Peer 1: 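Below is the structure I would like to discuss, written out as structure tokens.
Keep in mind that this is a model prediction, so the values were computed, not measured. Labels below follow one simple rule: chain letters A, B, ... track the order of the sequence lines, proteins then strands, and each chain is numbered from 1.
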Amino acid sequence: MSGTHFFAGGIHLPPFDEPVLSRAIEKLPPPDRVVIPLLHHNGAAAHPIVARGDRVVEGQIIGEADSPEAAFIHASISGTVASVASFPHASGANVLSVTINRNGDEAAHAMSTKPWRELAPEEIIGIIENAGIIGSHGDLIHQTLARTAGKEVDTVIINGVECEPGLAAARRLLIEKTEEVLCGALITRKVCGAHRLVLAIGKEKRSQAAAAVTRLCANDAFKEIEFAQVAARYPAGDPALVIKAATGRTIPPHGAPIDARCVVIDVAAALAIRNALCDGLPATRRLITVSGPCITKPANLLVPVGTPVRLLLAHCQADMSRATRLIAGGSMSGRCLHDPDVPCIKTWSALQLTNAVFPDVRMRPCINCGHCVKVCPRHLVPSMIARYAEKGDYRAAAEWNAGDCLECGCCAWVCPSKINLLHFLQIARSMAARATAAETGARS
Amino acid sequence: MNDREMLHNACAPHLRARDSVSSIMLTTIIALMPTAAASVLFFSARSLLLILTATAAAVLAEWCIATFVTRQPRALSDGSAMVTGLLLALTLPPTLPPWMAALGSIVAIAIVKWPFGGLGGNLVNPALAGRAFLMLSFPAAMTTFIAPVAGTINGLADSLDGIAAATPLACLRHSALTGTLEPLVFQDAFVNMFLGNIGGCIGETSALALLFGAIILWYRQIIGIRIPFFFVLTVFVLFWLFNGAGGILTTEAMIIPVYQVLGGGLLLGALFMANDPVTSPVTSWGKIIFGTGCGALTFLFRKFGAHTEGVMYAILLMNLTVPLIDRWLRPGAFNRKKQHA
């Protein structure tokens, strides 16, 4: 194993080894009803092909991707479609969703499978597309892989780094489903035609994940897999930093991993790819770590997509009386959920219930201390960008490279004036993106 | 159970670091305590009186403005006024009448800080600007120095002819001008200068206490090393190269820069004034340029100016360049070559 890779910026978050890491993956008892949104990522919604009263089987397609920006959506339990209607979604908006009432436990509908080594890359990509696999960052995996066609890609990186407090799903998968994940990695490498396969993991003391992988890599089948250890600092899991650690290459501004001749796939996606190719199972399950100060029994739950969050909380004995924030994702960059009835979606890997209220947080003027500059992994000046964004001068904010923001939240974490820098940077970034889009639109 | 009403909807991140503006100011005050204690040790109750008057006046001025003018009573709780008053007091000579110290504090808070928007808005360091005001208004009182309780004003065992009442820097300049720089005599003063047993402003004499306080701040990651390091380094190197005593390898040539670093307000200025976050650049390169600029200006003022001191004006001038430095040195974004605005 090579040495640890460090990066400039970032922060060291104290509670790193969560007790939830030691909890084995647990299957949530099948819910009586799921609500499956037809949109799970930053793209277009799928087109529903079922109607009220239809019987569906687990694994059956219920939403068809009729645009390249959409993903296939499958039923995650067998039962009857109760409605196809707008429903509260994790994004805060209402999204067209299919509600399925469970009745009977029919066997899952599996796609037919062939040994993946005999398939052509295009066929594999087609299977991945039909399985509706979406990465943790909301990227369509089949699109990412299809873009590699005709381009030189020499490295596939499986991103097993998670560095936010409260997240354990990726490491848990590496510990318990090591072989499946590595198999998914090999499939991805074959599709991309890359010769290197790197597994990036976070640096930890006595890492069980590293031990599990090392054990398996002694096998001949997985011999060629390399490791890259990334310093256990937040946000080490950022693809750009992982690429830097694994290959030493950097992504050009506004570029994608492919510009650095890399493809980055997260652990859960690698597992989903393997399940689709080897077992014919579409992406209808998601491993979600449920933890936080208000969770009595933290757990790593394997849940059907569309399960209401409330069921997960009840299973983990959440103490709702003390809870203040229900967060989808990690404590640093996760998003607050407004309603515990929203369904789980395909991109989640954590759910946290905290009692954070910040009674002492009072915003004060910026004292120009430069701490945000020091911690920014993208070498921005968050204080300056926030100042422009606050005044509404988005052009100036864009000139200060607001568009390169990673939205990791390190600046807001460290700010002694407790300015919500992340909020301003998000605004500045989206406005910068809008301006760029308008400019390119005007030019063409 | 209606838990919709209990859940907050807030922007990420859902964790925050412990440090706040108030805790930073409190730590700064704690870090200045060794210096304050040393000043009382060397200049007796006079310095205690100055510290208390200046601090009280600053806090009072802040309270009046926050309560009656800007109506933000919360501003008082950040503790920045206390830091300003304390820092100002430490830059005053021990014999200064306390009312002048109070006046300096009021100018610092009411004229330098609040009209520009209060904490975070001021262009120049309020404590130093208050001192500059006193320097211009009461030049005689501001440049009258006395010997510490148990020592001589210039740290030398035997007073030299004609410069008995001069601080180490004045002593050095006089000797250099008259060609009576005697290495052995001057070397004797090094220990006194390091400990602070010399004449000067109450907080600037003890290098030991200042360094101790700075280490506290550095350990708590409140100040960085760049500004003070390049400030002191520039002063040292320039005085070494242009020592006026001929040659750069002679004993005299080494004594002069050491005197320039330890004998005046350089360490207080470099560690606590130039490092003030509000009036220093945010980027690493900006800090290096700022520190070097402060050092170069200090050299020019001390070498060619009418006064033996120059740290104050050097920092005030460089403070004014900070917005320019910050804009000019906009860091290149991730993986991008540096761009200049």
Side-chain angles (χ1 to χ4, degrees), chain A residues 11 13 165 240 250-253 255 320-321 323-327 329 331-340 352 354 356-358 360-362 364-373 377-381 383-384 399-401 404 407 409-410 412-418 420 422-423 426, chain B residues 1-4 6-25 27 72 74-75 77-78 80 117-122 221-224 226 275-284 286-287 322-323 326-327 329-339 341:
Chain A
I11 52 178
L13 292 169
T250 51
I251 302 180
M320 291 304 281
S321 61
T324 53
R325 294 185 189 186
L326 177 60
I327 305 159
S331 310
M332 285 299 294
S333 58
R335 170 171 213 142
C336 265
L337 296 181
H338 58 298
D339 183 345
Q352 295 199 47
T354 75
V357 278
F358 304 143
D360 54 336
V361 170
R362 302 207 231 144
R364 291 188 187 277
C366 172
I367 59 165
N368 212 27
C369 62
H371 286 183
C372 52
V373 182
R378 287 283 164 99
H379 313 169
L380 305 176
V381 185
S383 57
M384 200 60 99
E399 276 171 20
W400 283 75
N401 302 320
D404 290 0
E407 301 191 5
C410 289
W413 182 84
V414 80
C415 180
S417 293
K418 312 292 173 195
N420 208 335
L422 177 60
H423 181 63
Q426 280 170 339
Chain B
M1 180 169 76
N2 185 1
D3 27 32
R4 281 180 204 207
M6 299 188 311
L7 291 175
H8 298 202
N9 207 344
C11 183
H14 310 288
L15 294 173
R16 292 300 178 95
R18 255 180 318 160
D19 268 346
S20 65
V21 173
S22 315
S23 77
I24 286 179
M25 294 297 170
T27 315
Q72 302 169 289
R74 209 157 63 68
S77 64
D78 61 34
S80 59
L119 179 66
N122 46 293
Q221 301 197 341
I222 290 172
I223 61 169
R226 288 189 180 84
N275 240 339
D276 169 22
V278 177
T279 53
S280 61
V282 290
T283 58
S284 303
K287 285 176 202 279
V322 166
D326 270 344
R327 272 164 186 72
L329 276 185
R330 175 203 303 170
F334 195 61
N335 309 331
R336 193 180 297 201
K337 280 199 167 172
K338 196 165 286 169
Q339 302 176 330

Peer 1: Checking A/N368 side chain against B/G120 main chain: does a donor-acceptor pair fall under 3.5 Å?
Peer 2: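 It does not hold such a pair.
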Peer 1: Less than 4.5 Å to any heavy atom of chain A: does that hold for the side chain of B/D276, its backbone, both, or neither?
Peer 2: neither
Peer 1: Between B/I24 and chain A, which part of the residue has a heavy atom less than 4.5 Å away: side chain, backbone, both or neither?
Peer 2: side chain
Peer 1: If we define contacts as heavy-atom pairs under 4.5 Å, which of A/S331, A/P365, A/G409, A/G370 has the most with chain B?
Peer 2: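 Max contact count across the listed options: A/S331.
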Peer 1: Please state whether the side chain, the backbone, both or neither of A/S333 comes within less than 4.5 Å of a heavy atom of chain B.
Peer 2: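 Contact with chain B involves the backbone of A/S333 alone.
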Peer 1: Begin from the C-alpha positions of B/R16 and A/N420 and carry the test side chain to side chain contact (heavy atoms under 4.5 Å, CB included) through to its verdict.
Peer 2: CA-CA 10 Å; B/R16 292 300 178 95; A/N420 208 335; 3.5 Å; yes
Peer 1: For a side chain to side chain contact (heavy atoms under 4.5 Å, CB included) check, start with the C-alpha distance between B/S20 and A/R364, then their side-chain angles and the critical distance, and finish with the verdict.
Peer 2: CA-CA 9 Å; B/S20 65; A/R364 291 188 187 277; over 6 Å; no
Peer 1: Does any backbone or side-chain atom of A/C369 lie under 4.5 Å from a heavy atom of chain B? Answer side chain, backbone, both or neither.
Peer 2: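 Contact with chain B: backbone and side chain both.
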Peer 1: Side chain, backbone, both or neither: which part of A/L326 has a non-hydrogen atom closer than 4.5 Å to chain B?
Peer 2: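 Both parts, backbone and side chain.
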Peer 1: Show your reasoning for whether side chain to side chain contact (heavy atoms under 4.5 Å, CB included) applies to B/D78 and A/I367.
Peer 2: CA-CA 11 Å; B/D78 61 34; A/I367 59 165; over 6 Å; no
Peer 1: Where do A/G334 and B/H14 come nearest, in terms of heavy atoms and distance?
Peer 2: O-NE2, 3.0 Å
Peer 1: Where do B/Q221 and A/H371 come nearest, in terms of heavy atoms and distance?
Peer 2: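 Minimum heavy-atom contact is O-NE2, 3.3 Å.
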Peer 1: Side chain, backbone, both or neither: which part of A/E407 has an atom under 4.5 Å from a heavy atom of chain B?
Peer 2: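 It is neither, since no heavy atom gets under 4.5 Å.
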Peer 1: Pick whichever of B/S23, B/A10, B/S284 has the most heavy-atom pairs under 4.5 Å with chain A.
Peer 2: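 Most heavy-atom pairs within the cutoff with chain A belong to B/A10.
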Peer 1: I need the minimum non-hydrogen distance between A/L422 and B/A12, along with the two atoms involved.
Peer 2: CD2-O, 3.2 Å
